[in-house]
Amino acid sequence: MNILLIGSGGREHALAWSLAASPLCDRLFIAPGNPGTAQHGTNVALDVTDHPAVIAFCKDQTIDLVVVGPEAPLVAGLVDDLTAAGLKAFGPTRDAAQLEGSKAFTKDFCAEFGIPTAAYRRFTDAEAAKAYIRSYGVPIVVKADGLAAGKGVVVATSFEEAEAAVDMMIGGGFGEAGAEVVVEAFLEGEEASFFALCDGKTAIPLGTAQDHKRAYDGDEGPNTGGMGAYSPAAVLTPEIQQRVMRDIIGPTLAGMRTRGMPYTGILYAGLMLTQDGPQLIEYNARLGDPETQVLLPRLKSDLVTAFLAACDGVLDSITLKWDSKAALTVVMAAKGYPGTVEKGSEIRGIPAAEALEDVMVFHAGTRQDGDRLVSNGGRVLNVTALGATITEAQKRAYEAVSLIDWPEGFCRSDIGWREVERERG
Ligand code: AMP
Ligand code: GLY
């Protein structure tokens, strides 16, 4: 079959690698893709916001399956439009993608269906939000309702900080996304991510991970899209995972059916493991980046078969097999990230890094410039390694990083520290 993958990040390189490895895949196209995805298929310069153009391409190339990587096209209803045109697309509809696209939607949904999450209030009026914050106390969390590229959350430890966040968001700092804010209770605990593959009525676990959101060592510095990740997340014990499936994922699938918007695709639950058990921090309607770069290298089963089963509503017939090895990925970013970065610096040494056993280098913000590979964004490479333990995967990943010659880049030197400390005992 012919497959079109939408996206251009490290997540999409990992997806392209997995999809192309499937015996079911004849031809793989990636729109727009990156130099990494081009190793596994054909990159096409489609404007993915132009849905009629995507549909025309699919008909032209007899595409049998479209896989949507990022959230923006999901929230924009690409899956709805492809489906209406008679094409098979993997991912939630526009309505279902509200679980990521609107925090207010998700909070109300959790309240209605008894899904454990932080207590909250919604506000469109800044003064009302601030009065509530004063009466509630700090720490408290202020969130823009809509998509804000991962920057829409402020965990405030003072009234000044909380009020400034309210003013900035309702004042238009994130455009329409902040016209409404959610103010919620601060949850204490360790964070972990749980992924489920869903077909509208059945969900099956798709692995666990933990990421590092802060830019610098010791989890210091500004928030980023993610500087590294590892899988599995041992804190999500089999018992806790069962509880997540029973108390969070299961009721979500049932609730979305009740709402008339059955959820198909990936459900990525950001969890806080509190003393009262796992609580939902947020949902994403897609795979994580860089979490995908540690989930897929551990998946032994055929990804295309699994995605097709989700589209066709037959996930109850599927069991996924996983490598017993652990995976860890280190993000190499351009100096200055998550602020402004210079593009166009040359990167060498990827073949040497990939020559190491159980090492894969996934591209994100790279560009081919003649024979030179150059940087083309903030997060540029994901260096993934497998190992018997997280400690071993970490050692191998950093050995690979040391072989990459890119003076204009940087990475954290402590990805996986929490797990490495735990393994040390
Ligand atoms: P989100 O974009 O909703 O994942 O939030 C970004 C980050 O803010 C999360 O990864 C948490 O570290 C933190 N966060 C969000 N909500 C809460 C909460 N209710 N309590 C504590 N931390 C939170
Ligand atoms: N790494 C976090 C995310 O993909 O949302």
Side-chain angles (χ1 to χ4, degrees), residues 7 9-12 14-15 69-72 74-75 97 99-107 110 116-121 133 136-157 161-162 165 169 174 177-178 181-195 206-215 219 222-231 233 266-276 278-296 329-331 333 338 362 364 378-379 382 412 415 418:
R11 166 182 51 213
E12 283 74 30
L15 277 165
E71 62 276 19
L74 295 169
V75 171
L99 281 178
E100 172 159 7
S102 168
K103 295 197 190 291
F105 171 91
T106 303
K107 297 300 285 193
C110 288
T117 186
Y120 74 105
R121 293 274 300 271
I133 289 166
Y136 183 90
V138 286
I140 197 160
V141 184
V142 182
K143 302 186 171 186
D145 170 56
L147 292 181
K151 300 182 185 80
V153 175
V154 174
V155 179
T157 50
E161 209 183 335
M169 290 178 193
F174 296 128
V181 298
V182 169
V183 177
E184 69 174 42
F186 175 79
L187 296 174
E188 207 163 330
E190 185 167 342
E191 281 185 71
S193 303
F194 181 88
F195 297 84
L206 194 66
T208 61
Q210 282 182 296
D211 75 345
H212 295 263
K213 289 193 167 66
R214 301 299 196 97
D219 294 325
N223 263 320
T224 71
M227 293 301 291
Y230 50 91
S231 174
I266 305 283
L267 202 47
Y268 159 1
L271 302 171
M272 190 69 88
L273 306 180
T274 73
Q275 281 190 333
D276 305 327
Q279 304 238 6
L280 182 71
I281 301 177
E282 63 158 357
Y283 267 134
N284 293 308
R286 52 173 174 82
L287 280 164
D289 187 347
E291 289 84 347
T292 308
Q293 294 87 300
V294 289
L295 290 177
L296 294 184
T329 194
V330 177
V331 170
F362 295 114
R379 291 191 292 172
N382 306 263
R412 283 182 53 161
I415 299 301
R418 216 183 237 109

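Computed from a prediction, not measured in an experiment: that's the story for all the values here. Each ligand, and each atom within it, is numbered from 1 in the order the structure gives.
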(message) Looking at ligand 1, would G152 count as a contact under a 4.0 Å heavy-atom criterion?
(response)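 Distance cut 4.0 Å: G152 fails for ligand 1.
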
Does the residue [X] have a heavy-atom contact with ligand 2, meaning some pair of atoms that are separated by less than 4.0 Å?
| X | answer |
| --- | --- |
| G226 | no |
| P290 | yes |
| K213 | no |

List every atom of ligand 1 that sits less than 4.0 Å from any heavy atom of [X], numbering the atoms from 1 in the order shown and giving each element.
| X | result |
| --- | --- |
| M272 | 21 (C), 22 (N) |
| F186 | 20 (N), 21 (C) |
| L187 | 18 (C), 19 (N), 20 (N), 21 (C) |
| K103 | 2 (O), 3 (O) |
| V141 | 16 (N), 17 (C), 18 (C), 19 (N), 20 (N) |
| E184 | 16 (N), 17 (C), 18 (C), 19 (N) |
| K143 | 3 (O), 15 (C), 16 (N) |
| K213 | 10 (O) |

(message) Looking only at protein heavy atoms, which one is nearest to atom 5 (O) of ligand 2, and what is the separation?
(response)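 Among all protein heavy atoms, the one nearest atom 5 (O) of ligand 2 is R286 NH2, 2.9 Å.
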
(message) Return the closest protein heavy atom for atom 2 (C) of ligand 2 as residue, atom name and distance.
(response)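 Protein heavy atom at minimum distance: Y268 OH, 3.4 Å.
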
[X] (side chain) donor-acceptor with [Y] (main chain) under 3.5 angstrom:
| X | Y | result |
| --- | --- | --- |
| Q210 | E191 | yes |
| T208 | S193 | no |
| R379 | G9 | no |
| K107 | A118 | yes |
| R286 | L74 | no |

(message) Quick check: A118 and ligand 1, any N/O pair under 3.5 Å apart?
(response)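 Between A118 and ligand 1, no N or O pair is found under 3.5 Å apart.
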
(message) Please compare V183, N223, V153 and report which has the shortest non-hydrogen distance to atom 7 (C) of ligand 1.
(response)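 Minimum heavy-atom distance to atom 7 (C) of ligand 1 goes to V153.
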
(request) Give the minimum heavy-atom separation between A269 and L280, together with the two atoms involved. (result)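 Nearest pair, atom of A269 first, then L280: CB-CD1, 3.9 Å.
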
(message) Could you report the tightest heavy-atom contact between A364 and G10, atom names first, then the distance?
(response)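 Looking at all heavy atoms of both residues, the shortest contact is CB-N, 3.6 Å.
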
(message) For ligand 2, which is the ligand I care about here, please tell me if D289 has any N or O atom under 3.5 Å from one of the ligand's N or O atoms.
(response)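 For ligand 2, there is an N or O atom that lies under 3.5 Å from one belonging to D289.
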
(message) Are any of the N/O atoms on G225, whether in the backbone or the side chain, positioned under 3.5 angstrom from an N/O atom of ligand 2?
(response)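 G225 vs ligand 2: N/O contact under 3.5 Å present.
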
For [X], counting its heavy atoms only, list the atoms of ligand 2 lying under 4.0 Å from any of them.
| X | answer |
| --- | --- |
| D211 | 1 (N), 2 (C) |
| E291 | 1 (N), 2 (C), 4 (O) |
| G288 | 4 (O) |

(request) Working to the nearest 0.5 Å, report the span between OH of Y268 and CG of L99. (result)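 Reported value, rounded in 0.5 Å steps: 14.5 Å.
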
(request) Starting at NZ of K143, measure out to CE of M169 and round the result to the nearest 0.5 Å. (result)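 Here the interatomic distance stands at 10.0 Å.
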
I want to check something: taking the side chain as every heavy atom from C-beta on, are [X] and [Y] in contact at a cut-off of under 4.5 Å?
| X | Y | result |
| --- | --- | --- |
| K103 | E282 | yes |
| M227 | K213 | no |
| T329 | I415 | no |
| Y136 | E184 | no |

